[in-house]
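Encoded as structure tokens, the structure appears first; notes follow it.
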Amino acid sequence: MTCGPSCAVSLGDDRHDRYSHRACGRCSATAQRNATIPAMSTPCVRIADLAQYEGQSVQLQGWLYNRRSSKKMQFLQIRDGSGLVQGIVSKADAGDELFERAGAPGQEASLRVTGTVHADARAPGGFELRVTEVTEVGAATDYPLGKQAHGPDFLLSNRHLWLRSKRPTATLRIRDTIIRAIRDVLHRDGFINVDAPMFTPAACEGTSTLFDLDYFEDTKAYLTQSGQLYMEAAAMALGKVYCFGPAFRAEKSKTRKHLTEFWMLEPEMAYASLEDVMDLCESLLGEIAARVLNDNQRELVDLERDPAVLEKIVPPFPRMTYDEAAKILKDKTDFTYGDDFGAPDEEAITAGLDKPLLIHRWPHEVKAFYMKRDPNDPRWALGVDVIAPEGYGEIIGGGERATDLAFLEEQIEKHELPKEAFEWYLDLRRYGTVPHAGFGLGLERTVAWMCGLAHVREAIPFPRMMHRIYP
RNA sequence: UCCCCGGUAGCUCAAUUGGUAGAGCGUCCGGCUGUUAACCGGCAGGUUGUUGGUUCGAGUCCAACCCGGGGAGCCA
């Protein structure tokens, strides 16, 4: 599996590379808690904690990842979600009966395995389990995923099983780290989590295509494409807020950057400007990279992601205006001044950069109706896009919101939006409006970037795409 | 919606100018006392995406359709 962002089709999964199971602080706290079978004398432990039990008899609860065997030796690779370890069954030591029983379970059968922990240089990871007892919990025959490299269609159709493999588990651990980092940073900075509704009465921005559905007898509802407008209301109540949940786009996009259901973080701040938003983008992305580097070294190895790339994601990030970015494109692409940047334009602008790039002050025509205009030059909307390096594209879009009631009414009319649906939004300008700003961060694009994935579909447990809604 | 690529064994792929459809992996059986995607030997496994056409003969050529992948647009 050698996927960079430029690799077209390459989703083979080398299941049989293994975790190192050096002691890991993250796992040790939960080690004993997860025992579901009270062991008489042998403690039930997680593989990640095995090093602490050298010389002792322990029980593992896991699944058979792979087996190698000869007439008198078996090597059972066992995974339990915390790591991977090799179990040794020697016919001479174990006896014929146990040896035969240990040889029966198929790949991905669930097992309880008892044995003694030994340090051994020949074992992957340095420790192995000399097996004294094996109990099959749930049988598995003809497990569909094998050592063979698989194609994307097959893997995605078997996503519920693919999840057990090395790359998906590493990716999901990093996704978890990123989610926790985001919540930690925002709470530290005084943000309150306020969740936005998934059902909405109308388009938030009027541009993207919405999924619609019947909301009881006579009403149409839509799945939200953004919680931002609701966050503006919440910011007027709590000052600094964020929502973090799924967003839905019915765009018929089939690219490695698109999902129909994706997770979006949307912070919103009262009494804040475009500059404040850009500062928050920087500090948040910097902290995310630092947390992944700190918490997920093993996963980065599993994903063959070079940590040096992430070590460079340290603020400050370069910033430029749309106007400056457009000048870079002169004679490089077929870009037309005044248009939004396309994917080739983004790549040309960010070529050679190893940090995200903040592009601000956009032609108001290409931005949403609620964007505030630059008081110094009304041609520009006070928006900012953050473009990730390595071709991962736009991971953040945001800016300062318009506060003037008459201006917004005019924009709603110009964009042919149903004004009734926005009365509540206009109320926010009628009753104590303040300068405010925020942004939306695409979680899967961020995860894909941190992990070096070829496609955002690997950055979410069960991807929803134009042609795929199973499993 | 548009452009490009693909669909052959459970999986990953081969099959010369149109001429009897193959290999590896996996399963199963056998061999092997330290394997590292173990290795070695063997069995089984197919209406070549669908429909129609050209031809003595189609996996191969033509048409339509279905499904998937990549990209564009749009976006996070």
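No experiment lies behind these values; they were computed from the predicted model shown. Order of the sequence lines sets the chain letters (A, B, ...), proteins ahead of strands, with each chain counted from 1.
- Taking the P atom of each, B:U60 and B:G52 are spaced 14 Å apart, rounded to whole Å.
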Protein and nucleotides 3-11 of chain B: nitrogen or oxygen contacts under 3.5 angstrom:
from: B:C11; atom 1: O2'; to: A:His150; atom 2: ND1; distance (Å): 2.5

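- Taking atom CZ of residue A:Arg67 and atom C1' of nucleotide B:A37, one finds them 16 Å apart after rounding to whole Å.
- Note on A:Met264: only backbone sugar-phosphate atoms sit closer than 4.0 angstrom, heavy atoms only; bases stay farther off.
- Distance noted for atom P between B:U12 and B:G68: 15 Å (whole Å).
- When each of A:Ala92 and A:Trp263 is assigned the nucleotide of RNA chain B with its nearest heavy atom, A:Ala92 is the one assigned upstream, toward the 5' end.
- Here, B:C40 and B:G24 have their C1' atoms 15 Å apart, quoted to the whole Å.
- At least one side-chain heavy atom of A:Gln77 sits under 4.5 Å from a side-chain heavy atom of A:Arg68.
- For B:C29 and B:C65, the C1' atoms lie 45 Å apart once the distance is rounded to whole Å.
- In the set B:A37, B:C75, B:A72, the nucleotide with an atom closest to the side chain of A:Ala343 is B:A72.
- Under 4.0 angstrom from either OP1 or OP2 of B:G70 there lies at least one side-chain N or O belonging to A:His455.
- Of the candidate nucleotides B:A76, B:G68, B:G34, B:G68 has the atom lying nearest to any side-chain atom of A:Asp153.
- Applying the 3.5 Å distance criterion, the base of B:C67 shares no donor-acceptor pair with the side chain of A:His467.
- With A:His364 as the fixed residue, the side chain to side chain donor-acceptor pair (under 3.5 Å) test singles out one of A:Lys372, A:Gln411, A:Arg379, A:Arg373: A:Arg373.
- Using a 4.0 Å heavy-atom cutoff across all strands shown, A:Gly342 reaches sugar-phosphate atoms only and no base atom.
- In this structure, A:Lys71 places its NZ atom 18 Å from C1' of B:U35, rounding to the nearest Å.
- At distances below 3.5 Å, at least one donor-acceptor pair connects side-chain atoms of A:Thr132 with backbone N or O atoms of A:Thr114.
- Per the geometry, CG belonging to A:Asp96 stands 14 Å off C1' belonging to B:U33, to the nearest Å.
- In this structure a side-chain-to-backbone donor-acceptor pair under 3.5 Å is missing from A:Glu266 to A:Gly438.
- Of the P atoms belonging to B:C39 and B:C25, the separation is 7 Å, rounded to the nearest Å.
- Protein atom CG of A:Leu259 is 15 Å distant from nucleotide atom C1' of B:C74, rounded to whole Å.
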A:Asp385/A:Lys367 under salt bridge (Lys or Arg N to Asp or Glu O under 4.0 Å): CA gap, chis, key distance, verdict: CA-CA 11 Å; A:Asp385 282 5; A:Lys367 287 295 176 186; 3.0 Å; yes

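- The base of B:G73 lies close enough to the side chain of A:Ser253 for a donor and an acceptor atom to sit less than 3.5 Å apart.
- The distance between the ring centers of A:Tyr222 and A:Phe248 does not fall below 6.0 angstrom.
- Comparing A:Phe341 and A:Ser69, the nucleotide of RNA chain B nearest to each residue sits closer to the 5' end for A:Ser69.
- Contact annotation for A:Asp340: backbone-only contact, meaning every heavy-atom pair under 4.0 Å involves sugar-phosphate atoms and none involves a base.
- On the P atoms, B:G6 is 13 Å away from B:C13, given to the nearest whole Å.
- You'll find that the side chain of A:Phe262 is closest to B:A76, out of B:U1, B:G34, B:A76.
- Donor-acceptor pairing under 3.5 Å, judged by distance alone, is absent between the side chain of A:Gln74 and the base of B:U35.
- B:C25 and B:G10 make up a base pair, with Watson-Crick or G-U wobble contacts both under 3.5 Å.
- For A:Phe439 and A:Tyr242, the ring centers are positioned 6.0 Å apart or more.
- Between A:Phe191 and A:Phe244, the distance separating the two ring centers is not shorter than 6.0 angstrom.
- Shown here, B:U33 forms no base pair; nothing in the strands shown gives a Watson-Crick or G-U wobble contact with both key distances under 3.5 Å.
- Pairing of B:C43, defined by two Watson-Crick or G-U wobble distances under 3.5 Å, is not identified with any nucleotide.
- Checked against B:A37, B:C75, B:A76, the side chain of A:Glu346 finds its nearest nucleotide in B:C75.
- Look at B:U50: its Watson-Crick or wobble partner, with both distances under 3.5 angstrom, is B:A64.
- For A:Glu394, counting side-chain heavy atoms from C-beta on, the closest listed nucleotide (B:A37, B:G73, B:C75) is B:C75.
- B:C75 atom C1' lies 10 Å from atom NZ of A:Lys257, rounded to whole Å.
- Straight-line distance between the P atoms of B:G31 and B:G70: roughly 46 Å, to the nearest whole Å.
- Using a 5.5 Å limit on the distance between ring centres and a 30° limit on the angle between planes, the aromatic ring of A:Phe75 does not count as stacked on the six-membered base ring of B:G34.
- A gap of 39 Å separates the P atoms of B:G71 and B:G53, to the nearest Å.
- Taking the side chain of A:Thr255 as heavy atoms from C-beta on, and the options B:C75, B:G34, B:A72, the nearest nucleotide is B:A72.
- Under the Watson-Crick and G-U wobble criteria, each requiring two contacts below 3.5 Å, nucleotide B:G19 is paired to B:C56.
- Between A:Arg468 and B:C67, a side-chain N or O to OP1/OP2 separation shorter than 4.0 Å is absent.
- Nucleotide B:A76 has no partner under the Watson-Crick or G-U criteria, as no pair reaches both atom distances under 3.5 Å.
- OP1 or OP2 of B:G70 sits under 4.0 Å from a side-chain N or O of A:Arg457.
- At a cut-off of 3.5 angstrom, counting only N and O atoms as typed in the model, there is a donor on one side and an acceptor on the other between the side-chain of A:Arg445 and the base of B:C75.
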Derivation of the side-chain contact (heavy atoms from CB on, under 4.5 Å) call for A:Leu441 and A:Leu285: CA-CA 10 Å; A:Leu441 174 145; A:Leu285 293 176; 3.8 Å; yes

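- Atom P of nucleotide B:G70 and atom CG of A:Leu453 are separated by 13 Å, given to the nearest angstrom.
- Ion pair A:Glu133/A:Arg101 flagged as a salt bridge, since at least one NZ, NE, NH1 or NH2 atom sits closer than 4.0 Å to an Asp/Glu carboxylate oxygen.
- Protein atom CD1 of A:Ile395 is 12 Å distant from nucleotide atom P of B:A76, rounded to whole Å.
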side-chain contact (heavy atoms from CB on, under 4.5 Å) between A:Ile460 and A:Leu443, worked out: CA-CA 9 Å; A:Ile460 189 167; A:Leu443 178 65; over 6 Å; no

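- Rounded to an integer number of Å, the gap from A:Lys72 NZ to B:U33 P is 5 Å.
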